[in-house]
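Input: a single structure, listed below in structure tokens.
Predicted model only: the values in this text are computed from it and were never measured. In this chain, residues are counted from 1 in sequence order. Indexing begins at 1, ligand by ligand and atom by atom, following the structure's order.
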Amino acid sequence: MNKKSIYSFCTSLVLGIANLHAQNPIIQTHYSPDPAPMVYKGVVYTYTGDDIPGTDFYYMTKWRVSSSADMVNWTDHGVPISLESFTWARDRAWAAQCIERNGKFYWYICAQTVDNNMAVGVAVSDKPTGPFKDALGKPLISTGNWSNIDPTVYIDDDGQAYLYWGNGSSYYVKLNKDMLSYTGDIVQLPQTEASFGGVRQPRNNSTGANNLGAPPVKDMYVEGPWFYKRNNKYYLMYAGISKGAESLSYSMSDKPIGPWKYQGKIMTDQPTNSFTNHGGIIDFKEKSYLFYHTGLLPGGGSYGRSTAIEEFKYNADGTIPAISMTKTGVEPVATLNPYNRVEAETIAWAEKCKIDQNDKTGVFVTGTRTGGYIKVRNVDFGNTSPNKFSAMIAAGLDGGILEVHADSVKSKAMAVINVPRTGGWQSWKLLSAPIDNSTTGTHDVYLVFKGQNITAGRELFNFDYWKFEK
Ligand code: FUB
């Protein structure tokens, strides 16, 4: 091998390995902007919006939630709330965050009101995945302007909850214990250089959100605050500005209400293919993670944004290092048990399939097509091989083939299910196949969709859940 071919061999090896573990964006079956992570009982929930590709503004209509216990396999819980859930909301289902208090979940959202302003509302549920209901039947924060977007909420150790939000300026109120009302005035934070790295120029209200005023500015608070406390320090991460697009910056304080001290940019100067960036930070299983969004999912862009995650380590003084955007994302922090029922919509990476939901089945995988697959990472088969694979499937037409592979779509199939016509797209049948080649230990599993003869180009079958048996 000459030098050039050795180089190209090494490059393809590196790229091959990178693609093998491509994990960003974390959801490929729909767009997932404005991620707001929440840790509850050993599971991370990610609350997002739902961008509509092809639009020319942020005209979203619903919010979604996914969860993971291992940071790489995300279970889609569908759309628990939409604009229809809030009688006062007209359009623009924008950034939101959910928090638990005393066993109830409060999902703070923002949307455009019937009088064309933006307002913050709150939906409540007994479960992190819903069903949620508008708790008030009216907005919680509605002061008749465009700045009432992007609520972020945190409950301090003394039980006092704070709601921050704002486009152009940030605001906060102290929430009451009911999480549905507040006491005291709405406070607007001073937009000083010391607090936010730059001063925002006056904005023109007629053009609405994301009007950044006259450049150039070093940095400044734009929108998308994320408020939290860690080791007695308070953090306010937000979308600042860098080279004509948003970048994530942050400020710190010793008190929940400031004064805030600008700390610099967290994520910047890498092209995200999106004007906005919006994120959240959590600690989970002794690791720290930044959730953010990019327009990098195929077909994406400023109005087709998707959640991505990077792991990072705080500096010893509690400051946050610069974090680079990657395609590989994060590593699993747990294994997945294939002997429990696994929802088909539990996905590390998916191609050529979509997610749908209805009242009877809940959330399920649909639109499966030849060449498509679902990858599930870090599946632990244990010391003895399973001997049976089962899948709950519905096919309104001639079905197709569902193959199960370990580690690669090209490996010898572990199991093959020939999917017949089941009598309708919601006529579910539990189909099973024996395990052909013994598999033990931990592997990535690929559930591969294939058509045969006339089914090759069509939607093949719907897929609700799967499991292995010994
Ligand atoms: O997703 C709509 C808006 O774009 C959000 O509310 C902002 O934070 C920005 O991401």
Side-chain angles (χ1 to χ4, degrees), residues 25 27 30-37 46-65 79 81-83 86 89-98 107-113 117-122 139 141 145-153 163-171 196 200 203 207-212 220-227 236-242 244-250 266-268 272-281 290-297 300-308 325:
I27 294 166
H30 54 80
Y31 293 97
S32 54
D34 302 323
T46 307
Y47 298 81
T48 72
D50 185 74
D51 273 359
I52 307 170
T55 52
D56 58 359
F57 194 58
Y58 307 97
Y59 296 119
M60 302 96 87
T61 63
K62 48 200 174 191
W63 293 270
R64 311 188 69 109
V65 60
V79 177
I81 46 170
S82 61
L83 290 176
F86 303 90
R90 179 177 171 239
D91 194 3
R92 300 174 197 184
W94 285 5
Q97 186 184 347
C98 186
W107 195 351
Y108 296 85
I109 58 96
C110 63
Q112 187 186 32
T113 56
N117 285 300
M118 294 298 290
V120 173
V122 54
I141 306 289
N145 70 48
W146 265 82
S147 282
N148 295 326
I149 69 168
D150 297 356
T152 175
V153 58
L163 185 78
Y164 272 83
W165 72 94
N167 171 287
S169 287
S170 57
Y171 305 82
F196 297 106
R200 189 182 172 110
R203 66 197 284 276
T207 55
N210 299 328
N211 175 2
L212 301 173
M220 62 185 187
Y221 173 91
V222 180
E223 57 183 354
W226 181 260
F227 174 57
L236 195 61
M237 179 174 75
Y238 50 88
I241 190 77
S242 183
E246 290 183 356
S247 62
L248 297 178
S249 299
Y250 78 113
I266 298 173
M267 177 166 268
T268 179
T272 60
N273 196 31
S274 156
F275 170 75
T276 64
N277 200 343
H278 186 123
I281 288 179
L290 169 70
F291 287 58
Y292 62 102
H293 72 215
T294 73
L296 295 172
L297 190 68
S302 281
Y303 309 113
R305 301 158 300 166
S306 296
T307 299
M325 189 175 86

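- The aromatic rings of Phe227 and Tyr164 sit tilted, their planes meeting at an angle between 30° and 60°.
- In this structure, Thr113 and Ala119 approach most closely via the heavy-atom pair CG2-CB, 3.4 Å.
- The shortest N or O to N or O distance between Asn277 and ligand 1 is not under 3.5 Å.
- Ligand 1 lies less than 4.0 angstrom from a heavy atom belonging to Met60.
- Under a 4.0 Å criterion applied to the non-hydrogen atoms of His278, ligand 1 contributes the atoms 7 (C), 8 (O), 10 (O).
- Polar contact check, Tyr58 against ligand 1: no nitrogen or oxygen pair lies under 3.5 Å apart.
- For the pair Met237 and Leu290, the minimum side-chain heavy-atom distance is below 4.5 Å.
- With sequence neighbours excluded, no residue forms a salt bridge (charged side-chain N to carboxylate O under 4.0 Å, His left out) with Asp91.
- With a heavy-atom cut-off of 4.0 Å, Ala95 touches ligand 1 through backbone and side chain alike.
- For ligand 1, the polar-atom distance check against Asp150 finds a nitrogen or oxygen pair separated by under 3.5 Å.
- Within ligand 1, counting atoms from 1 as listed, the ones closer than 4.0 Å to a heavy atom of His293 are 10 (O).
- Remark: the backbone N or O of Trp94 is paired with a side-chain donor or acceptor of Trp63 at under 3.5 angstrom.
- Using modelled atom types, one finds a donor on one side chain and an acceptor on the other under 3.5 Å when comparing Gln97 with Thr152.
- Contact annotation: for Arg92 versus ligand 1, there are no heavy atoms closer than 4.0 Å.
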